[in-house]
Amino acid sequence: MPESAAAPYERWLSIAVEEAETGRDEGGVPIGAALIGADGRVLGRGHNRRVQDGDPSAHGETAAFRAAGRQRSYAGTTMVTTLSPCWYCSGLVRQFGISRVVIGEARTFHGGHDWLAENGVEVVLLDDARCVGLMTDFIAARPELWFEDIGQDGAE
Ligand SMILES: [Zn+2]
């Protein structure tokens with residue numbers, strides 16, 4: 001059987017899932033990401049480090065983006081992330097002209113991916129059970145940490 005069109009996306013998502021699992025095992029927020037070059041090469045990968053570094057700006061996507069270093073152009077690059085990107089990370093995608101966002105799931109958090117799609121970014125939503133499980137377990141175990149991460153007080 002020929003490789004399905006979604007196959008590279010699944011491979012890339014597995015890198016983001018590995019990062020999310022590392023973050024979980026470190027006691028952090030289990031969100032991981034990778035920036036993939038136009039040629040399919042992994043430019044950078046990372047995970048949310050809010051807890052580990054005491055840094056609320058260290059999201060999975062920003063960690064992957066920073067790990068990739070300076071790139072001449074982001075045309076043709078893909079940000080793959082385990083969870084629908086928040087506004088901050090959606091802004092990063094548009095600021096630098098990242099062409100595509102591959103998302104593990106948007107069930108537990110609906111970020112800015114509709115806005116990205118409306119503004120010319122190719123959005124691929126995989127609805128991956130591993131990603132849903134990572135977030136469902138985390139939100140059940142550490143609700144206060146999750147509401148802190150998404151900038152809500154949890155009281156609403
Ligand atoms: Zn974010």
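Quantities reported herein were computed from a predicted structural model and do not represent experimental measurements. As the structure lists them, so they are numbered: ligands from 1, and atoms in each ligand from 1. The analysis underlying the following values was restricted to heavy atoms, covering all of them including side chains, and did not include hydrogens, waters or symmetry mates.
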ask   = Near the Zn ion (ligand 1), which protein N/O/S atoms fall under 2.8 Å?
value = His59 ND1, Cys86 SG, Cys89 SG

request  = Measure the CZ-SG distance between Arg107 and Cys131 for me, rounded to the nearest 0.5 Å.
outcome  = 11.5 Å

query = Is there a donor-acceptor pair under 3.5 Å between the side chain of Ser84 and the backbone N or O of Gly111?
reply = yes

ask   = Would you call the rings of Phe65 and Phe96 parallel, tilted or perpendicular if under 30° counts as parallel and over 60° as perpendicular?
value = tilted

Atom CZ of Arg94: over 12 foreign heavy atoms under 6.0 Å = yes

ask   = With the threshold set at 4.0 Å, does a side-chain nitrogen-carboxylate oxygen contact exist between Glu21 and Arg130?
value = no

ask   = Is there a donor-acceptor pair under 3.5 Å between the side chain of Thr81 and the backbone N or O of Gly60?
value = no

